[in-house]
Amino acid sequence: MSTAPEHPRPPLVRPTDGRVLAGVCRGIATHLGADVKVVRIVFVILGVVSGAGIIAYLFLWALTPVEEAPSVIDPARPVQEQGGHPSPGAAAGGGGSATAAPGASSAIPRGAILLAIGTLTTLAGGIALLQSSGWNVRAGVLLPVLLIAIGAVLAWAQLDTTQRARWAGVDGWRGLGLARLGFGLGVVILGLLALATRGQSVNEIWDVALATLSILVGAALICAPFAVRLWADFRREQDARVRETERADIAAHLHDGVLQTLALIQRGADDPAYVTQLARKQERELRGWLYGSQEDPSQTLAAAATAAAVEVEELHGVPIEVVVTGDRPLDDGGRALVRALREALANAVRHGSPPVSAYVEIGPAAVEAFVRDHGCGFDPDTVPSDRLGVRESILGRMTRHGGTAEVRRRDPGTEVILCMPHTDTGGDAHQDAGAPDRAGDQRIPVETTVTGSQETAPTEPRPEPDLEVSIETREPDPVPRGGTPR
Amino acid sequence: MTVRVVLVDDHHMFRTGVRTELLEAAPGFIDFVGEAANVEDAVSVIRREEPDVVLLDVHLPGGTGHGGVDVIHGCLGVETAAGAPVRFLALSVSDAAEDVIAVIRAGARGYVTKTISATDLASAIRRVADGDAVFSPRLAGFVLDAFGVAAGEIAEVDEELDRLSAREREVMRLIARGYQYKEVAKELFISVKTVETHVSSVLRKLQLSSRHELTAWAMGRRLI
């Protein structure tokens, strides 16, 4: 039965799946690394022969905690779900129980019913046997005791269900549960009454019942304040512990983020741009921690767009007001849009002037993105064709993925409008767009690292934007297989 | 005409900063008549001074723990000497939708973030004093989200409280894109006054609508 597991032994808990009664046997089997069948048979034999099995079962039921909710990561859980055991020695037995485990949750009532019938039959047979062999079994005692036992089991079983339901986030004390508890209590009271009267009329024990009741009430009155105090203390302690944990969590976060930033700010106090950037970065981080969603930027479009804006903001130290409405999973079109958006934001931050705002609307049919700055503005037609930022990374990329891009001149500043319909254009459009896209992405860091240190004038040996060169004069495209702009 | 303003914020440094900046940006336009750092002080100052506009922080100590919302509830029915209701402009660092929606639904005429420039804040105060609504791009984004505009829900009649009309939607989208009111007006070929009417109508819907998303947000702050 015992094994020498290489892993630490799984904790002794009662599993929620694959149980027949209360999960005691399965819990023990998992804990000891034994076959659940063997454990069950041992319990039944012990129970029938001496009654010790039943008592042990009840004790274990009462004292063994139920396995935590499935959402809690528990190393023992996957093992139990497979119905197997951590030790290879019991693998053969595990195979046997594995077949029983999947259907077990639906088979619980049937198992319980079978067990009940079996117990009753055994008891009846035992009583008959004892009677015939000359023993005097007093049915007037035995039946009520049985009733009490059944009622107690019914009521206690409710305790388990409630606990499980609480972990599942549902209120367990409802409908069926309450009915079961009430029924169990009723059966117990009936059994107690039957035991107390033992065939006499109820009137005769009335005085006794009254005396008992008054004693109970008195005891309850005396105990109630203590119980209430105890409960309140318990709650207070629990609350304090929760608060303490939360406080420690916050302190850790502040220490890692805010305090470090403050230290950096003190050291770099003579560089306003650096301080602003640090403060901005810290603010964003804190904001994300306080109000942020835990969306993964690689999963949803809204998170990816926000992350892109944050990245640009961090690189250039210019605040960007980002507003995103709606959301959807990130697909190829969405990725292209986010890259174009990133480029548009980088342009707005570099060449325009604040406030820079981005609005991404994820609608049912298309995603629209608007990037607005308040700079002096520029005419896309006068941008030299070797300035690839707008032409290639924004316009070209959007067209390749089946979207549109437009650069509009606003009274103060410029607005870039990107639109990407949801209808996925299929894999082929994406495949041949892959290479230029990668080329485009490699170019971005080069541009940003060169211009990142100064805000305005790019230091590349390139003509300044306001120097002639119309978009018509196409010169050799450094990007192989680049799509035609617009 | 100067606008009488009460400034409610629990950060002394912030109050000083806003006061100085506003007096510099719009001299002679704003008259600061009072300040408060918690809910109780705020209510008594507002009741005493009856200002035109209250600049209200969303998170404040005191009251029943709902900050700015408690102040608005505590000042219901207070009117200025001219007989106009005291108007509230929420000013906060919070980005959380439930904070924004809660304070708007309590009755604030607008919501701006604390990073707003002094000139913009001055014009926002002017607008609120005139009874118009002030929407930041972020608030416009919340509105578009909450009214299901992103999902394509559009009211068929303007009076419908639970959805935005097509025109209101356009205005909200432009505000979310970072447009000033006059730019919105130019873009849609309407007057600034019409833009203000649309925004006020959206604000009314935001306050009165029983749309699930809005009530759910308010529920998050346990206000209903």
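Chain letters run A, B, ... following the sequence lines, proteins first and then strands; every chain starts at 1.
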request  = Give a yes or no answer on whether the side chain of B/Arg138 reaches the backbone of A/Val322 with a donor-acceptor pair at less than 3.5 Å.
outcome  = yes
Query - Non-hydrogen side-chain atoms of A/Tyr359 and B/Ile175 separated by less than 4.5 Å - result: no
Determine, for B/Glu183 against A/Arg372, whether the closest basic-nitrogen to carboxylate-oxygen distance falls under 4.0 angstrom. yes
### Task
Establish, for the pair B/Arg177 and A/Phe370, whether the NZ or CZ atom is under 6.0 angstrom from the six-membered ring centre and no further than 45 degrees off its axis.
yes
Closest non-hydrogen contact found for B/Gly178 with A/Ser357 is CA-OG, 3.5 Å
Closest non-hydrogen atoms of B/Asp145 and A/Val324, given as atom of the first, atom of the second and distance, are OD2-O, 4.0 Å
